[in-house]
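Quick caveat: nothing in here was measured; it's all calculated off a predicted structure. Side chains included, hydrogens not; waters and symmetry mates left out as well; all remaining heavy atoms used. Every chain is numbered from 1, with letters handed out A, B, ... down the list of sequences.
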Amino acid sequence: MKHLLLTAKADISESLRSRWFLIYTLVFGGVVVALFISGLTESRVMGFTGLSRLLVTYLQITMAILPLFVLITTVRSVAGDREAGIFEYMLSLPVSLSSWFWGKLAGRFLVVFLPVILALFGAVVWGKLKGVEIPWAQVTLYTAFLISLAWCFLGIGMFISTVARSSDVATGAAFIVWLFLLLFLDLILLGVLIREGLPPETVIAIALANPLQVFRTGSMLLFDPQLVLLGPAAYVILDNFGEKGYLAWSILYPLALGTLFAWLGFRLFRKGDLP
Amino acid sequence: MPMIELSRVTKKFRRQEVLKGIDLTLEEGDRVALVGSNGAGKTTLIRCLLGEYRCGGHVRVDGREPRAHRTEVLRRVGFVPQISPPLKMPVGQLVHFAAGVCDSSPDRMFEVAERLGLDARKIRRQPFNKLSGGMKQKLLIAVALGRECKLLVLDEPAANLDPEARHRFFQLLAERKEKAAMIISSHRLDEVASLVNRVVEMDQGRVVLDDQVADDVSMTAMLRSRIELARPSDAFARAAREWGFEESEEGRVWEGRVAGPDRLRFLGVVSRYAALLKGIELREQGGVHAE
């Protein structure tokens, strides 16, 4: 446990010093500030007012940016460290492979999650100061969604880092994974699949397996319990899961997927050559 | 029980066989120069010993398989790599991390660094990758020697050190001589010959020579040297100053000290100016005539 904490601490300090972290923090902080400045809390669109509108918009933007940031920075730093010869030295010290791998994962999770959640809570504090009503249930569930999404892509990122032997290949693979998941969002490819005659159940199954879509539908469910925005697919989701069941799926499935990929990555890392 | 036991060790990268059945045994007190040209397989062998590579055959360090008993094995091994890792972490953090995982104390590592002429406490906030080559090397040696270990694996450890730091490094190794086995890798035997009592030469993934060498040279000895030139030479002056020599008689006479294990390396440098030499004297300090 001591070695795991030491590794996590080292990874956190390394990330905090890096330029990507600064940009990452500025992006998420900047998004919230921009949303406030644009007067989003005062506007009324489709029945949303106040902080709930801001949170919905923030979550949608996060869904697009967070996975890409997590994937690219994770694969670049881990595969890059291996390429630069850092692994050769650091893994010649008596730190166990499990402490090294999971310590790095834990440290990185904190680093990628904190700016996102701080921006979210920054919005809440600002809203409170402005006298806007705080939707606490939504804030709590959004936090859980964000934890789940960050963990999922971190796990996938660690897996790619282990498989790819160079940082260029790892970055390319991470980008393709992100693009692939983005293509399978409801608005783009799923429509095409239905038009081409694929059974709706298969299309919905694909959507349910896509962590980005799961996150998106879960966050929609919070302000649209009947999932009117989603169209007929809502029947399949609500009939099979129910509202609470789908919220649980939205949190637990990405967590499980991230853990599965991280575990697979660890198995490969432990089995193969380290540097 | 041997300190290191390698039996029919093989390693392949795709189709290329880098180690072709290495058999080698090291006992406690063995100080081995692992020599060979680039691509001979030295670094791969070291990585197999450290458990960083999976390999065929049988590898045991102090009776344990390095991959299966990673932390137990590496707790016994101090390693200095040939190329310093481009770590961005500050010096202080690196020392604290290494001391933490090695169950040592940062103070002990700082003290070794200080003996090598590096005040690591003063530069503890500086990123490791911003240090000079010599400073990095000193710090990595301090991390390797600032803890208890039964095996030292040193890959070209003194390549970036100045003569004074080399002498202090040899002193530190001498203190470990009885307690730890050593593998000192180099592609040039003259760099490490005086530090070892055994030479293992590798070529194209095989051990082609395994021989004992006389180790009469004291690792802590110092030689006083006086060199007389036929005429002053700027090139010689530059080389002599690097060894800390001082001139007299308008650059025709140079005097200084050479660490005992460095004598072969020093003579190698001097041999480049053989045509200028009028006289050369190397005397072990304390009155024993050495050369």
Side-chain angles (χ1 to χ4, degrees), chain A residues 1-22 73 76-104 106-108 111 162 165-167 266-275, chain B residues 11-14 18 43-44 46-55 66-90 92-104 125 127-129 136 139-140 143-144 147-149 151 153 155:
Chain A
M1 195 61 184
K2 181 186 163 196
H3 290 188
L4 188 139
L5 292 175
L6 279 166
T7 310
K9 195 180 152 198
D11 197 71
I12 291 169
S13 325
E14 194 82 22
S15 303
L16 295 182
R17 278 190 301 272
S18 62
R19 233 171 273 149
W20 72 260
F21 179 74
L22 185 72
T73 56
R76 274 206 82 79
S77 72
V78 178
D81 279 2
R82 187 197 289 121
E83 219 170 27
I86 288 176
F87 275 22
E88 184 203 13
Y89 182 68
M90 296 307 272
L91 293 176
S92 74
L93 296 170
V95 55
S96 74
L97 293 183
S98 55
S99 299
W100 175 260
F101 187 91
W102 296 107
K104 253 186 138 37
R108 197 141 283 252
V111 170
T162 315
R165 300 309 291 185
S166 78
S167 59
F266 175 61
R267 295 262 303 172
L268 288 171
F269 174 68
R270 207 175 49 177
K271 256 178 76 179
D273 292 337
L274 303 177
Chain B
K11 177 66 189 168
K12 262 186 184 178
F13 293 108
R14 293 201 177 100
V18 180
T43 302
T44 305
I46 287 174
R47 286 179 175 179
C48 291
L49 268 178
L50 296 174
E52 292 183 339
Y53 280 162
R54 292 232 171 241
C55 54
R67 197 66 188 222
H69 303 274
R70 210 185 119 72
T71 44
E72 291 95 327
V73 167
L74 293 178
R75 210 167 273 146
R76 292 166 167 79
V77 182
F79 172 59
V80 179
Q82 182 185 1
I83 300 165
S84 302
L87 287 165
K88 288 179 195 145
M89 66 168 71
Q93 195 185 354
L94 173 61
V95 171
H96 277 88
F97 178 83
V101 294
C102 298
D103 293 327
S104 181
R125 289 184 204 286
F128 178 80
N129 62 345
K136 284 179 195 164
L139 196 71
L140 295 179
V143 169
R147 60 188 170 111
E148 292 304 319
C149 54
L151 172 66
V153 180
D155 202 351

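For A:Ser99, no part lies under 4.5 angstrom from a heavy atom of chain B. Contact of A:Glu14 with chain B is made through the side chain alone, with heavy-atom distances under 4.5 Å. For a residue to count as touching a neighbouring chain, one of its non-hydrogen atoms must lie under 4.5 Å from one of that chain's; by this rule B:Arg67 touches chain A with the side chain only. Only the side chain of B:Phe13 has a heavy atom closer than 4.5 Å to any heavy atom of chain A. Heavy-atom distances place the side chain of B:Arg70, and not its backbone, under 4.5 Å from chain A. Looking at B:Gln93, the atoms closer than 4.5 Å to chain A (heavy atoms on both sides) all sit in the side chain, from C-beta outward.
Of the listed residues A:Gly272, A:Ser92, A:Ser13, A:Gly85, the one with more heavy-atom pairs under 4.5 angstrom with chain B than any other is A:Ser92. When each of B:Val80, B:Leu140, B:Leu94 is scored by its heavy-atom pairs under 4.5 Å with chain A, the top score falls to B:Leu140. Chosen from B:Leu74, B:Asp103, B:Leu87, the residue pairing most often with chain A at heavy-atom distances under 4.5 Å is B:Leu74.
Between A:Ile86 and B:Pro85, the closest heavy-atom pair is CA-CB, 4.1 Å. The minimum heavy-atom distance between B:Cys102 and A:Pro94, with the atom names listed, is SG-CD, 3.5 Å. When all heavy atoms are compared, the tightest approach of A:Arg17 to B:Pro90 is NH1-CD, 3.3 Å. In terms of heavy-atom proximity, A:Met90 sits nearest to B:Met89 at CE-CE, 3.8 Å.
Note that the NZ atom of B:Lys88 and the CG atom of A:Asp81 stand 8.0 Å from one another [nearest 0.5 Å]. Atom SG of B:Cys48 is separated from atom CG of A:Asp273 by 8.0 Å, given to the nearest 0.5 angstrom.
Contact check for A:Glu88 versus B:Leu50: no side-chain heavy atoms found under the 4.5 Å cut-off.
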side-chain contact (heavy atoms from CB on, under 4.5 Å), that's the test. Do B:Val101 and A:Lys2 meet it? Break it down for me. CA-CA 8 Å; B:Val101 294; A:Lys2 181 186 163 196; over 6 Å; no

Decide yes or no on side-chain contact (heavy atoms from CB on, under 4.5 Å) for A:Thr7 and B:Phe97, but give the supporting numbers first. CA-CA 8 Å; A:Thr7 310; B:Phe97 178 83; 4.1 Å; yes

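Scanning for salt bridge (Lys or Arg N to Asp or Glu O under 4.0 Å) contacts around B:Glu148 gives B:Arg108, with sequence neighbours left out.
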